[in-house]
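It should be emphasised that the depicted structure is a prediction, and the values quoted were computed from it without experimental measurement.
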Amino acid sequence: FRETAVTKEFDFKIANMARQRFAARNSASKDKLSKIGGASGHHKTAPLSDFTKGTLLGCGMTVLVIASAAISVHFNSGAPRGPIQNSHPSHSSHGEDTRAVDVLLEKNAALAKTNARSASDGLRMILSSNPSLLPPMSLSRQRVLSALGDLLVTLKEYGAASNAHQAAHDILMRRATEHHRDASVLVDLTVSYAQLATDLYLDFQHEKALSAVADAMRFDLPPRARRVLLKLESTIYECKGDPISALQRLEQAFQMTEDGSKHAKDYEELLKHIDLLKQVRASEGVPEEIQSMMLEKQTMLLKSLMQNGPWENEWQLPKHFLRNLQSLPWHDHTANPTVARAVNMLTNATEDLKREFLSLKDSGLLLREEECIHDHTRGDWHRYETTGIWRPLNASTGCSVDTPVACALLGALRNSGLPVIRAGYSAVGTGAWLRPHHGMTNGQLKLHLGLIVPSATQGSDMQSSDMQALQRASPVWDRVRNDQCALFRVGNETRGWTEGGVVFFDDSFEHEVRNLCTSERVVFQVVFRHPDLEKALGSQNSP
């Protein structure tokens, strides 16, 4: 009985937490992606103009792992489908009336959809100036601190988010002592540890993140709850650069079922399983026999994926796949007049954009990319998203006040007919490797304008031993030109960037980036809606 009670409440609360965090960080992304369909084959109809409004917040893989897992747990727990209600009732189980805080958080959540910065500032002000509403060790204060931490994650202020979540966690720990860790407190503590672990790994503090998960795992949790935490632990190990441990934790998570039966993996879990098998096979020191076994398992999972899912090409496996879109890893911009105009506009803006990037860099405004597709110990990856909600946005344009050149270009591109979703600067440091991965959806295409592209013409810029190792690993790298040290593969073809040149590609195909140069490679990226999207959506929703 106790396990059943804890399971249901854990499912309910962690799913609620996950959905809130997912909505805060990915509100624009989630709405847009749902309109172009997902792997489940369910597609919503909506005016295409809605798709281009606002910003698409990138892949968001780091937070989506626990969010999607927890939501899946909730839906599989026997709870009725539909909106997840607030997991904290107006009158808590410990006699505290939280109705005023309910209203406060509802209004704050509504504000956060349009202005996360103002919403976080509002919560900070309330925490510092209203002790009567939020007594020091009250559940109300804990909830507001937790909400503040979630907003700060949205704003990519991970250190501050960790501080807020830690303060909320400390209140829960005190309450756990007072109330002897009943089922409700156990659930709250587990969710709190998951929040802390997420903050820490997004801030590259992987050991502390793993410690937080380990603390949560010491509780007497039901199998479904442990599965969520094991998948989070797997993500942290992957971000740490340890795919072997990541694969072990993921496969352990699949074994966590109530009755000991085999866990039925969903499409996202299959994709992640295949990806980790690939990473382990590519790791140094893995015996050939083990590699062979993993290849066999990878092939079996991929076959199942292709037979039962919507995908049509083993190279193209985005999480959200829509049929009837032209699918090519590399596109020719001259075949589309609108894209051809955009390429010309980008080329003409090269020097101005380069100067703006250098100014952003000198001002310390670039953010280290936390997405777990690169080994942060080998080389850094920094970005500036001109339309990211964590940036100081102009209210009328929705574009950052820090990047007037990029914003003017963005407006001009949209006025020319290019349905731009988002744009920004991307700098990949020397030695960095963005591992093979897929974009979130095939409903978008990308343009990369080279701003700073080192060459290996002199021979000194090329780390030749790395290049030779690449060529031994796969013949696809044999076709790299001798003057290239910043390398780009999409599908089974490699290309490079040139300063002032534009490459046009579909990032839903497997792709990777390697910088073997002794200086960073910088591009300006434009993401826009696939030209065939309107036609494809029409065919998906036709009777």
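Residues Arg323 and Glu312 are paired through a salt bridge, judged by an N-O separation under 4.0 Å between the basic side chain and the carboxylate. A salt bridge does not link Arg435 to Glu512: none of the charged nitrogens lies less than 4.0 Å from a carboxylate oxygen. A salt bridge between Glu510 and Lys278 is present, with a side-chain N of the basic residue lying under 4.0 Å from a carboxylate O of the acidic one. Salt bridge status for Glu356 with Lys354: absent, with no side-chain N to carboxylate O gap under 4.0 Å.
Side-chain contact between Ser234 and Leu276: present, with at least one pair of heavy atoms (C-beta onward) separated by less than 4.5 Å. Side-chain atoms of His530 and Gln444, non-hydrogen and from C-beta on, never get closer than 4.5 Å to each other. You'll find the side chain of Leu302 reaches within 4.5 Å of the side chain of Glu314, heavy atoms only. When side chains are defined from C-beta on, Lys297 does not count as touching Met294, because their heavy atoms never get closer than 4.5 Å. Looking at Lys319 and Glu268, their side chains come closer than 4.5 Å, going by heavy atoms from C-beta outward. With contacts defined as side-chain heavy-atom distances shorter than 4.5 Å, the pair Arg489/Pro436 qualifies. Side-chain contact between Leu123 and Leu151 is present, with at least one heavy-atom pair separated by less than 4.5 Å. In this structure, Phe488 and His511 have side chains that are in contact, with non-hydrogen atoms separated by less than 4.5 Å.
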- Evaluate the criterion side-chain contact (heavy atoms from CB on, under 4.5 Å) for residue pair Asp506 and Val490; output intermediate values, then yes/no. CA-CA 8 Å; Asp506 183 340; Val490 182; 5.9 Å; no
- Task: Give the C-alpha distance, both sets of side-chain angles, the deciding distance and a yes or no for ring-ring contact (aromatic ring centres under 6.0 Å, His included) between Phe504 and His448.
- Result: CA-CA 7 Å; Phe504 181 18; His448 274 191; over 10 Å; no
- Message: Would Gln525 and Ser426 count as a side-chain hydrogen bond (donor to acceptor under 3.5 Å, both in side chains) here? Give the steps.
- Response: CA-CA 7 Å; Gln525 174 178 267; Ser426 177; over 6 Å; no
- Message: Using side-chain hydrogen bond (donor to acceptor under 3.5 Å, both in side chains), reason through His437 and Glu371 one step at a time and then give a plain yes or no.
- Response: CA-CA 11 Å; His437 61 286; Glu371 194 174 349; 5.6 Å; no
- Message: What verdict does the side-chain contact (heavy atoms from CB on, under 4.5 Å) test give for Val502 and Leu447, after you've listed the backbone C-alpha separation in whole Å, the side-chain angles of each residue and the deciding distance to 0.1 Å?
- Response: CA-CA 6 Å; Val502 176; Leu447 298 171; 4.0 Å; yes
- Quick one: do Lys156 and Glu385 satisfy salt bridge (charged side-chain N to carboxylate O under 4.0 Å, His left out)? Show the steps, please. CA-CA 12 Å; Lys156 293 181 176 286; Glu385 287 286 347; over 6 Å; no
- Task: Apply salt bridge (charged side-chain N to carboxylate O under 4.0 Å, His left out) to the pair Glu238 and Lys272, showing each step before the final yes or no.
- Result: CA-CA 11 Å; Glu238 182 185 7; Lys272 176 51 63 179; 3.0 Å; yes
- Does the side-chain contact (heavy atoms from CB on, under 4.5 Å) test come out yes or no for Leu537 and Leu322, once each step is laid out? CA-CA 8 Å; Leu537 284 173; Leu322 190 65; 4.0 Å; yes
- Evaluate the side-chain contact (heavy atoms from CB on, under 4.5 Å) criterion for residues Trp390 and Glu157: first the C-alpha distance (whole Å), next the side-chain angles of each, then the deciding distance (0.1 Å), finally the verdict. CA-CA 9 Å; Trp390 52 91; Glu157 297 179 17; over 6 Å; no
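Defined by atom type and a distance below 3.5 Å, a donor-acceptor pair is present between the side-chain atoms of Gln279 and Asp275. Looking only at atom types and distance, the side chain of Gln298 has a donor-acceptor partner in the side chain of Arg281 under 3.5 Å away. Side-chain contact check for Asp402 and Tyr384: at least one donor-acceptor pair (N or O, by modelled atom type) lies under 3.5 Å.
Tested against Asn348 for a side-chain contact (heavy atoms from CB on, under 4.5 Å), the candidates Thr350, Asp352, Asn344 yield a single pass: Asn344.
Applying the ring-ring contact (aromatic ring centres under 6.0 Å, His included) rule to Phe524 yields the partners Tyr425; only residues at least two apart in sequence or on another chain are considered. Residues passing the side-chain hydrogen bond (donor to acceptor under 3.5 Å, both in side chains) test with Lys240 are Glu207, sequence neighbours excluded.
For the pair Arg521 and Trp497, the distance from NZ or CZ to the six-membered ring centre is under 6.0 Å and the angle to the ring normal is within 45 degrees. Arg368 forms no cation-pi arrangement with Trp381, by the criterion of a distance under 6.0 Å to the ring centre and an angle within 45° of the ring axis.
In this pair, Trp311 and Phe321 present their aromatic rings tilted. The plane angle is within the 30 to 60° band.
Remark: side-chain polar atoms of His438 are paired, donor with acceptor, to backbone N or O of Ser508 under 3.5 angstrom. Side chain of Arg495 to main chain of Val503: no donor-acceptor pair is present (N/O by atom type, distance under 3.5 Å, no hydrogens or angles). Listed for the Thr403 side chain is no donor-acceptor partner under 3.5 Å among the backbone atoms of Cys399. Here the side chain of Ser304 pairs no donor or acceptor atom with the backbone of Met300 at under 3.5 angstrom.
Enclosure of atom CD in Gln326 by more than 12 non-hydrogen atoms of other residues, nucleotides or ligands within 6.0 angstrom is indicated.
Rounding to the nearest 0.5 angstrom, the gap separating the CD atom in Gln316 from the CG atom in Leu328 is 9.0 Å.
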